Trainee: 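My structure is below; once you've seen it, I'll send some questions.
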There are 2 protein chains.
Amino acid sequence: MDVFEAVAEPHRRHLITLLAERERTAGELVDSLPSLTQPAVSRHLRVLRETGLVEVRPDGQRRIYALKPEGLQRIDDWITPYRRFWRTHLDALRQHLESE
Amino acid sequence: MDVFEAVAEPHRRHLITLLAERERTAGELVDSLPSLTQPAVSRHLRVLRETGLVEVRPDGQRRIYALKPEGLQRIDDWITPYRRFWRTHLDALRQHLESE
DNA sequence: GGCGTATATACGCGCAAGGTTATGCGTTAG
DNA sequence: CTAACGCATAACCTTGCGCGTATATACGCC
């Protein structure tokens with residue numbers, strides 16, 4: 001699975017958001033997604049691991065997950081060429097508004 | 001389907017890339033993806049339409065597709081908060097290299 | 001009108017993704 | 001030492017996606 005597919009799943013985006021605030025244990029993440037069971041969250045975390053979006057560090061019995069945001073850079077790299085499109089659109093709109 | 005899922009499909013990313021260069025008819029796009037049949041491409045274009053990533057304009061018998069890059073902005077908006085993470089990482093790396 | 005071309009839709013299929021329940025395995029607590 | 005905890009994996013089920021084939025629809029031309 002590649003980064004685009006990994007991020008396409010809403011629960012996984014949620015996990016990324018949570019880990020952007022701070023590191024969390026697997027258990028904390030499970031508690032943060034009450035609509036899912038523990039194995040479901042565990043599997044999402046595996047996907048995020050395998051796509052290089054998070055990293056794990058054992059802490060005794062627990063596992064501490066941390067964001068590796070460099071993975072998202074691959075998406076950003078792909079979008080970058082298109083960014084100028086809507087930027088110029090917005091610029092044109094702004095100019096239009098200012099000219100009135 | 002949302003924008004993230006739309007863009008998760010490699011063929012659809014390819015279509016977006018092609019339409020970023022210039023507008024194209026459906027037939028041109030079909031020819032540009034030789035590994036897919038005409039109906040397959042047509043359905044991908046439907047997804048891109050329904051997620052607001054492209055727009056269509058009839059030209060007699062043909063249909064001209066054009067990119068609506070604003071749709072990608074929703075992805076960009078989501079990524080924006082994370083961008084500072086790898087930026088600071090890269091800055092740190094650059095500083096490290098320069099200090100040698 | 002009738003026929004070829006351009007594009008979209010219908011239908012059926014295979015497969016992988018995501019979910020749950022059950023279970024394994026290492027670690028901590030008592 | 002053993003029972004409970006924390007987490008991952010296994011096995012299974014269901015659903016939705018992406019594909020191809022076949023068919024419909026719309027337009028352009030003679």
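As the structure is a prediction and not an experimental result, all values here were calculated from the model. Naming: A, B, ... by sequence-line order, numbering from 1 per chain.
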Trainee: Under a 3.5 Å distance rule, please check whether A:R63 uses its side chain to pair with a backbone N or O of A:P58 as donor and acceptor.
Mentor: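 A pair under 3.5 Å: no.
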
Trainee: What pairs with B:E23 under side chain to side chain donor-acceptor pair (under 3.5 Å), at least two apart in sequence or on another chain?
Mentor: B:R57

Trainee: For B:R24, give me all partners under salt bridge (Lys or Arg N to Asp or Glu O under 4.0 Å), at least two apart in sequence or on another chain.
Mentor: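 For B:R24, the residues satisfying salt bridge (Lys or Arg N to Asp or Glu O under 4.0 Å) (neighbours in sequence not counted) are B:E21.
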
Trainee: For B:H11, what residues pass the side-chain contact (heavy atoms from CB on, under 4.5 Å) criterion, not counting sequence neighbours?
Mentor: B:E9, B:L33, B:S35, B:L36, B:H44

Trainee: Return the set of residues passing side-chain contact (heavy atoms from CB on, under 4.5 Å) with B:R46 (not counting sequence neighbours), or none when no residue passes.
Mentor: B:R49, B:E50

Trainee: For B:D2, give me all partners under salt bridge (Lys or Arg N to Asp or Glu O under 4.0 Å), at least two apart in sequence or on another chain.
Mentor: A:R13

Trainee: Hey, quick one: are B:V56 and B:I16 part of the same hydrophobic cluster, counting side-chain heavy atoms closer than 4.5 Å, chains of contacts allowed?
Mentor: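 In one cluster: yes.
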
Trainee: What pairs with A:R74 under side-chain contact (heavy atoms from CB on, under 4.5 Å), at least two apart in sequence or on another chain?
Mentor: A:V3

Trainee: What's the separation between atom CG in B:L19 and atom CG in B:L48, rounded to the nearest 0.5 Å?
Mentor: 8.0 Å

Trainee: What residues in residues 5-18 of chain A put a non-hydrogen atom under 4.0 Å from any atom of DNA chain C?
Mentor: A:E9, A:H11, A:R12

Trainee: First contact, last contact: which nucleotides of DNA chain C are these for chain A, 5' to 3', heavy-atom distance under 4.0 Å?
Mentor: C:dG18 to C:dT28

Trainee: Tell me which residues in residues 56-64 of chain B put a heavy atom below 4.0 Å from DNA chain D, sorted by number, or none.
Mentor: B:G60, B:Q61

Trainee: List the residues meeting side-chain contact (heavy atoms from CB on, under 4.5 Å) with B:E55, not counting sequence neighbours, and say none if there are none.
Mentor: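 In terms of side-chain contact (heavy atoms from CB on, under 4.5 Å), with neighbours along the sequence ignored, B:E55 is linked to B:A66, B:K68.
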
Trainee: Where along residues 23-43 of chain B does a heavy atom come under 4.0 Å from DNA chain D, residue by residue in number order?
Mentor: B:S35, B:L36, B:T37, B:P39, B:A40, B:R43

Trainee: Taking only residues two or more places apart in sequence, or in another chain, which ones meet B:T17 in a side chain to side chain donor-acceptor pair (under 3.5 Å)?
Mentor: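 Once residues adjacent in sequence are excluded, the partners of B:T17 under the side chain to side chain donor-acceptor pair (under 3.5 Å) criterion are A:Y82.
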
Trainee: Let me confirm one number: the CG-OH distance from B:L45 to B:Y65, rounded to the nearest 0.5 Å.
Mentor: 4.5 Å

Trainee: For D:dG6, does either OP1 or OP2 sit under 4.0 Å from a side-chain N or O belonging to A:Y65?
Mentor: no

